[in-house]
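To start, the structure under review is shown below, and the notes come after it.
Every heavy atom of this structure was used, including side-chain atoms; hydrogens, water molecules and symmetry mates were not. Fair warning: this is a prediction, and the values are worked out from it, not measured in the lab. In this chain, numbering begins with 1 at the start of the sequence shown.
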Amino acid sequence: MQSMYAFKGTESDDLTKEQKFLLHSLDSMYDLYLSLLALLTELHKKSKDHNEKLQKKLVKSEADKNPNSKFQDNQLFQLISSNEMLQDAISKRKLNYWDLDFEYVDIIFKAILKSDLYKNYTTETETSFKKDKQFIIEIFTEIIAPNDKLYDFFEDKKLTWVDDLPVVNTAILKVLRKLKLTSPETALLPDLYKDDDDKEFAIDLFKKTFLNSSKYAEEISEKTTNWDSERLASLDGVLLKMALCEFQKFSSIPYKVTINEYLEIAKEYSTPKSSLFINGILDKIVKEYQSENKHLKAGRGLM
């Protein structure tokens, strides 16, 4: 989706370089995903170091003598930090930037300590994995993900990461929400592709969408008004073209599956009203196809 949105060429251009860029971008996004999980690991270490330093102060307050350990004892933090497969993947890809760039860990950690989220969490008497997980999700959503200094840091590391951050942040939240105490280590290391067919599908969809871009744009414009022109030039237009490509070029994928998939993508990555706009356009197009017996789906029970 992002590669298509960023592509500035025409249908006559050689897509070989763009295909390589697509695959490289996907791999690069996985590196960003791992580096953010490495940041969570470092925040966990920081919480331990923080409490140890409080206890070593020469002049201690009562709070220093018995620092609140709820942050460092957070069960989700421990699950991430103790995941050997994850830590090995981070190490092999040399993605733990935070040892050298520790100031960013300090910035995030201090922001957490000052937050109402931290205050409410550490004063809560009830302890459970569910509450621990909710706290990590909330600090990730409200403190880590929108942090401007982190954006600048990742932009310096790799220019494309700035555009990738919203997608990767959303992916991390999805993974964290599904985690359980009994989850296998692989739960934190989702595969980029389900299998080779999945990878080939991504490449095929990328190519066919671009090769038919102007045709899809014309078809979509017939179902819209002048008021929708800005939407068609945005991410919504890209999603609609990809959906039409699946309608027309992938006969084994039911219409409903395609529509539901792109509605979910629109909800996650586009504007609040995008899913309604996209659903309305795709619904019109599908009804037209069915009334004219065009682009029929292959396979029993498909529509």
Taking [atom1] in [X] as the centre, count heavy atoms belonging to other residues, nucleotides or ligands within less than 6.0 Å. Is the count above 12?
{"X": "E292", "atom1": "CD", "answer": "yes"}
{"X": "D99", "atom1": "CG", "answer": "yes"}
{"X": "E84", "atom1": "CD", "answer": "no"}
{"X": "F102", "atom1": "CZ", "answer": "no"}
{"X": "K119", "atom1": "NZ", "answer": "no"}

Polar contact flag, side-chain donor to acceptor under 3.5 angstrom, [X]-[Y]:
{"X": "S275", "Y": "N279", "answer": "no"}
{"X": "N147", "Y": "Y104", "answer": "no"}
{"X": "E246", "Y": "Y262", "answer": "yes"}
{"X": "Q248", "Y": "K215", "answer": "yes"}
{"X": "K241", "Y": "S213", "answer": "yes"}
{"X": "N96", "Y": "E42", "answer": "yes"}

From [atom1] ([X]) to [atom2] ([Y]), nearest 0.5 Å:
{"X": "M242", "Y": "L244", "atom1": "CE", "atom2": "CG", "answer": "12.0 Å"}
{"X": "L282", "Y": "I220", "atom1": "CG", "atom2": "CD1", "answer": "8.0 Å"}
{"X": "I143", "Y": "I107", "atom1": "CD1", "atom2": "CD1", "answer": "13.5 Å"}
{"X": "L189", "Y": "L34", "atom1": "CG", "atom2": "CG", "answer": "6.5 Å"}
{"X": "D73", "Y": "T127", "atom1": "CG", "atom2": "OG1", "answer": "8.5 Å"}

Q: Identify the residue among F129, F140, F71 that makes a ring-ring contact (aromatic ring centres under 6.0 Å, His included) with F135.
A: F71

Side chains of [X] and [Y], heavy atoms from C-beta outward: is any pair under 4.5 Å?
{"X": "I144", "Y": "L150", "result": "yes"}
{"X": "K70", "Y": "Y121", "result": "yes"}
{"X": "Q290", "Y": "Y255", "result": "yes"}
{"X": "I139", "Y": "Y118", "result": "no"}
{"X": "F154", "Y": "S35", "result": "yes"}
{"X": "L296", "Y": "S251", "result": "no"}

Q | Stepwise ring pair (Phe, Tyr, Trp, His ring centres under 6.0 Å) test for F247 and H295 | A | CA-CA 7 Å; F247 285 170; H295 309 299; 8.8 Å; no

Q: Decide salt bridge (Lys or Arg N to Asp or Glu O under 4.0 Å) for D88 and K92; before the verdict, give the C-alpha distance in whole Å, the side-chain angles of both, and the deciding distance to 0.1 Å.
A: CA-CA 6 Å; D88 186 53; K92 283 182 177 177; 3.3 Å; yes

Q | Step-by-step salt bridge (Lys or Arg N to Asp or Glu O under 4.0 Å) determination, K157 to D152 | A | CA-CA 9 Å; K157 284 293 179 185; D152 292 340; over 6 Å; no

Heavy-atom closest pair, residues [X] and [Y]:
{"X": "K94", "Y": "Y97", "value": "O-CE2, 3.8 Å"}
{"X": "V175", "Y": "L188", "value": "CG1-CD2, 3.9 Å"}
{"X": "S115", "Y": "I112", "value": "OG-O, 2.6 Å"}
{"X": "L176", "Y": "K133", "value": "O-CD, 3.0 Å"}
{"X": "V168", "Y": "L32", "value": "CG2-CD2, 3.7 Å"}
{"X": "T41", "Y": "Q87", "value": "OG1-NE2, 3.2 Å"}

Parallel, tilted or perpendicular: which one describes the rings of [X] and [Y], with boundaries at 30° and 60°?
{"X": "F153", "Y": "W98", "answer": "tilted"}
{"X": "F77", "Y": "H44", "answer": "parallel"}
{"X": "Y33", "Y": "Y30", "answer": "parallel"}

Q: Check step by step if side-chain contact (heavy atoms from CB on, under 4.5 Å) holds for K149 and E103.
A: CA-CA 10 Å; K149 291 190 182 297; E103 66 269 24; over 6 Å; no

Q) Transitively linked via ILVMFWY side-chain contacts under 4.5 Å: I281 with L276? A) no

Q | F250 and its side chain to side chain contact (heavy atoms under 4.5 Å, CB included) partner, picked from D204, T258, V257 | A | D204

Q: Would you sort out whether L36 and L40 count as a side-chain contact (heavy atoms from CB on, under 4.5 Å), showing the intermediate values?
A: CA-CA 7 Å; L36 281 164; L40 292 181; over 6 Å; no

Q: For D132 and Q75, indicate whether the former's side chain and the latter's backbone hold a donor-acceptor pair under 3.5 Å.
A: yes

Q | Flag, side chain of S128 to backbone of K131, donor-acceptor distance under 3.5 Å | A | yes

Quick one: do [X] and [Y] make a salt bridge, cutoff under 4.0 Å?
{"X": "K287", "Y": "D283", "value": "yes"}
{"X": "K223", "Y": "E288", "value": "yes"}
{"X": "D164", "Y": "K158", "value": "no"}

Q: Begin from the C-alpha positions of F201 and D196 and carry the test side-chain contact (heavy atoms from CB on, under 4.5 Å) through to its verdict.
A: CA-CA 9 Å; F201 170 76; D196 289 341; over 6 Å; no

Q) Does the side-chain contact (heavy atoms from CB on, under 4.5 Å) test come out yes or no for C245 and L205, once each step is laid out? A) CA-CA 7 Å; C245 185; L205 178 62; 3.9 Å; yes

